[in-house]
Amino acid sequence: MFAGWRGRMTVHKNIPASLNIDAIRAEFPILQREINGRPLVYLDSAASAQKPEFVIESVAGVYRASYANVHRGLHTLANETTEAFEAAREDVRRFLNAKSANEIVFTRGSTEAINLVAHTFCQMLAPGDEIIISRMEHHSNIVPWILLSEKNGFALKWADVTEAGELDYEQLAGLVNDRTRLIAITHMSNVLGTVNDIARIRAIPGVAEIPLLLDGSQSAVHLAVDVQALDCDFFVFTGHKLYGPSGAGALYARGDWLDRLPPYMGGGEMIADVFEDRVTFADVPHKFEAGTPAIADVIGLGAAIRWVERHDRVAVMEHERALMDRAMTGLAEIDGLTVIGTAQDKGAIISFHMEGAHPHDVAQILDKYGVAVRAGHHCAQPLMRRLGLSATARASFALYNTFEEADAFVDALKKARKFLI
Ligand SMILES: Cc1ncc(COP(=O)(O)O)c(C=O)c1O
């Protein structure tokens, strides 16, 4: 098991000037709630973030004022909705700094985006080919590859994780060879908070030429993402963690990848012509968007991105880092509490283990104090096994959290410890 956090002890007392957290909180109706008679302290944003009024209203506004199916109508409402839907694609393009909106496919979320790449990319593989993933992946970046490797005969190689919860770059380098066809890796771990050094991966001999898929489910929320600077071929993220609605996310596929990959699902919208014996496909990205999409949710995703862009990203990162530091400092005072994941470059996610207490019990007691954290394997069982654990509790911080909430979390944990041990 990893040693407790003994790293940076800096406590940033001040919220960066450009962020007015009180005003931001006021935009989130749900944050005004009480849970068990106490103010809600929502520290489960890594699972799903809460939504500002701007996003709620954007989704509701679609249904209230301008709703129709997209891309196929000749009437005003269909045109308006199509325009809003395609504007969201441009929002995603800008957010990721992709070169073209044609590189953006809307999906239900990261899981569907990874499955899309896995199912289409693997059709181009031969037995004996290899794909590298890591032990810190979410199941959504593991299970599709296992299922397909069983079917298609390629080999799955696992990059390891160090004791501090960092990617083992040297061991990863040893896995790369001339049969490596793809590296699919998380940009930021949902359990450890570790931010992987993508430039360091790209610098491994041989990797420059290997397609790289990044799971940006967490990084898109906490870091300023630039897919061109990251030099990745695929980047996926999910809107509901980015203050957007559930049911909408996106896949970025660089350059001509979408032209080179075969279609994923068949149906309406993704075709040019259908004959009795053959089909021709729509231009990209529509070739990958079969059926009626999650119209209002995609438009809501665009709104979420515009909402996020209102705030200085560096200030947000500093604020979240400061919240994490504040909580870490408090946790260091609790006997028998071990923080899991102490990487140098770590986002605002704290997994922890309290000796003698099951994480589920810890989470339930925290809930009595209004503090919402997650407990379980966090859809990362290979990582849990690597850590010698079956579960952890996890607190994750977002833009709307406060120092008072970080303190309330630590206080509630101290009380939980007294009760449980
Ligand atoms: C790192 C990571 N990858 C993938 C996912 C899957 O996201 P979704 O369920 O929205 O498809 C999650 C969600 O928890 C995640 O944290």
Side-chain angles (χ1 to χ4, degrees), residues 51-52 54-110 112-113 116-117 120 216 220 225-228 234-261 263-273 280-310:
K51 324 298 173 199
F54 183 69
V55 168
I56 298 169
E57 196 41 50
S58 144
V59 174
V62 173
Y63 292 121
R64 270 198 212 106
S66 186
Y67 178 81
N69 210 331
V70 287
H71 297 140
R72 40 187 135 178
L74 290 173
H75 57 82
T76 302
L77 286 185
N79 290 339
E80 282 177 9
T81 313
T82 302
E83 213 170 281
F85 186 87
E86 290 303 323
R89 201 184 304 275
E90 172 55 24
D91 289 329
V92 174
R93 186 212 63 75
R94 190 183 59 251
F95 182 63
L96 299 180
N97 193 32
K99 271 193 183 149
S100 161
N102 289 341
E103 296 171 315
I104 308 298
V105 177
F106 286 119
T107 63
R108 279 190 296 139
S110 297
E112 190 179 58
L116 188 162
V117 177
T120 56
V225 170
D226 178 336
V227 288
Q228 294 187 60
F234 303 103
F235 185 95
V236 308
F237 74 98
T238 196
H240 66 94
K241 296 182 199 286
L242 190 70
Y243 314 104
S246 55
L251 163 69
Y252 157 79
R254 171 159 65 186
D256 65 354
W257 267 116
L258 293 178
D259 286 313
R260 289 161 64 195
L261 293 173
Y264 178 41
M265 292 201 293
E269 295 285 306
M270 52 78 74
I271 55 93
D273 286 299
T280 57
F281 302 113
D283 290 338
V284 299
H286 305 291
K287 171 181 151 190
F288 290 95
E289 293 178 355
T292 300
I295 300 166
D297 298 324
V298 164
I299 293 171
L301 170 60
I305 287 172
R306 277 177 277 121
W307 185 84
V308 166
E309 285 173 338
R310 279 185 198 168

Return all side-chain donor-acceptor pairs below 3.5 angstrom for residues 60-67, not counting sequence neighbours, or 'none' if the list is empty.
from  : atom 1 : to    : atom 2 : distance (Å)
Arg64 : NH1    : Glu57 : OE2    : 2.6
Ser66 : OG     : Glu80 : OE1    : 2.6

Exercise for the section: Look up atom CG in Leu242 and atom CZ in Phe95, then write down how far apart they are to the nearest 0.5 Å. Expected result: 4.5 Å
Problem - Counterpart residues, side-chain hydrogen bond (donor to acceptor under 3.5 Å, both in side chains), relative to Asn79 (two or more places apart) - result: none
Handout entry: Under the ring pair (Phe, Tyr, Trp, His ring centres under 6.0 Å) test, residues paired with Phe234 that sit two or more places apart
Key = Trp257
Handout entry: Where Ser246 and His240 come nearest, the two heavy atoms and their spacing
Key = CA-CB, 3.6 Å
Completion exercise
Across all chains, not counting sequence neighbours, the side chain to side chain contact (heavy atoms under 4.5 Å, CB included) partners of Pro285 are Arg89, Asn102, Val105, Leu258
Practice task
Check the surroundings of atom CD in Gln228: do more than 12 heavy atoms from other residues, nucleotides or ligands lie under 6.0 Å from it?
Solution key: yes
Practice task
Could you pull out all residues at least two apart from Asp91 that satisfy salt bridge (Lys or Arg N to Asp or Glu O under 4.0 Å)?
Solution key: Arg94, Arg306
Exercise for the section: Grab the two heavy atoms, one from Gly216 and one from Phe237, that are nearest each other, plus how far apart they are. Expected result: O-CB, 3.8 Å
Exercise for the section: Could you tell me whether the side chain of Pro52 reaches within less than 4.5 Å of the side chain of Trp307, counting heavy atoms only? Expected result: yes
Exercise for the section: Apply the test side-chain contact (heavy atoms from CB on, under 4.5 Å) to residues Glu309 and Ile305: give CA-CA distance (whole Å), side-chain angles for both, the deciding distance (0.1 Å), then the verdict. Expected result: CA-CA 6 Å; Glu309 285 173 338; Ile305 287 172; 3.7 Å; yes
Fill in the blank from the handout: Sequence neighbours excluded, the answer for side-chain hydrogen bond (donor to acceptor under 3.5 Å, both in side chains) partners of His286 is none
Practice task
Measure the CZ-CD1 distance between Phe235 and Ile104 for me, rounded to the nearest 0.5 Å.
Solution key: 10.0 Å
Handout entry: Distance (rounded to the nearest 0.5 Å) between Asp297 CG and Ser58 OG
Key = 9.5 Å
Practice task
Taking side chain to side chain contact (heavy atoms under 4.5 Å, CB included) as the test, write out the residues that go with Asp283, two or more places apart.
Solution key: none
Completion exercise
Scanning both residues in full, the closest heavy-atom pair of Ala250 with Ala113 reads O-CB, 4.0 Å
Exercise for the section: Supply the atom-to-atom distance Thr280 OG1 to Ile271 CD1, rounded to the nearest 0.5 angstrom. Expected result: 7.0 Å
Practice task
Return the set of residues passing side chain to side chain contact (heavy atoms under 4.5 Å, CB included) with Thr292 (not counting sequence neighbours), or none when no residue passes.
Solution key: Asn69, Arg72, Ile295
Exercise for the section: Report yes or no: does Thr120 contribute a side-chain atom to a donor-acceptor pair with the main-chain N or O of Pro263 at less than 3.5 Å? Expected result: no
Handout entry: Minimum heavy-atom distance Gly300-Pro245, with the two atoms named
Key = C-CD, 3.6 Å
Fill in the blank from the handout: In this structure, OG1 of Thr107 is separated from OH of Tyr264 (nearest 0.5 Å) by 10.0 Å
Exercise for the section: Sorted by first residue and then second, give each salt bridge (Lys or Arg N to Asp or Glu O under 4.0 Å) pair with at least one member in residues 244-254; sequence neighbours left out. Expected result: Asp231-Arg254, Asp233-Arg254
Exercise for the section: For residues Ala68 and His75, report the shortest heavy-atom separation together with the two atoms involved. Expected result: CB-CE1, 3.7 Å
Exercise for the section: Taking Glu289 for its side chain and Glu269 for its backbone only, find out whether a donor-acceptor pair lies under 3.5 Å. Expected result: no
Fill in the blank from the handout: Residues at least two apart in sequence or cross-chain that pass salt bridge (Lys or Arg N to Asp or Glu O under 4.0 Å) with Arg93, listed by chain then number, are Glu90
Practice task
Return yes if some donor-acceptor pair links the side-chain N/O of Lys287 with the main-chain N/O of Ala282 below 3.5 Å, else return no.
Solution key: no
Exercise for the section: With sequence neighbours excluded, tell me which residues meet salt bridge (Lys or Arg N to Asp or Glu O under 4.0 Å) with Arg260. Expected result: Asp256
Exercise for the section: With the side chain counted from C-beta on, respond yes when Met270 and Phe281 share a heavy-atom pair under 4.5 Å apart, and no when they do not. Expected result: yes
Problem - Pairing residues for Ala304 by the side chain to side chain contact (heavy atoms under 4.5 Å, CB included) criterion, not counting sequence neighbours - result: Val55
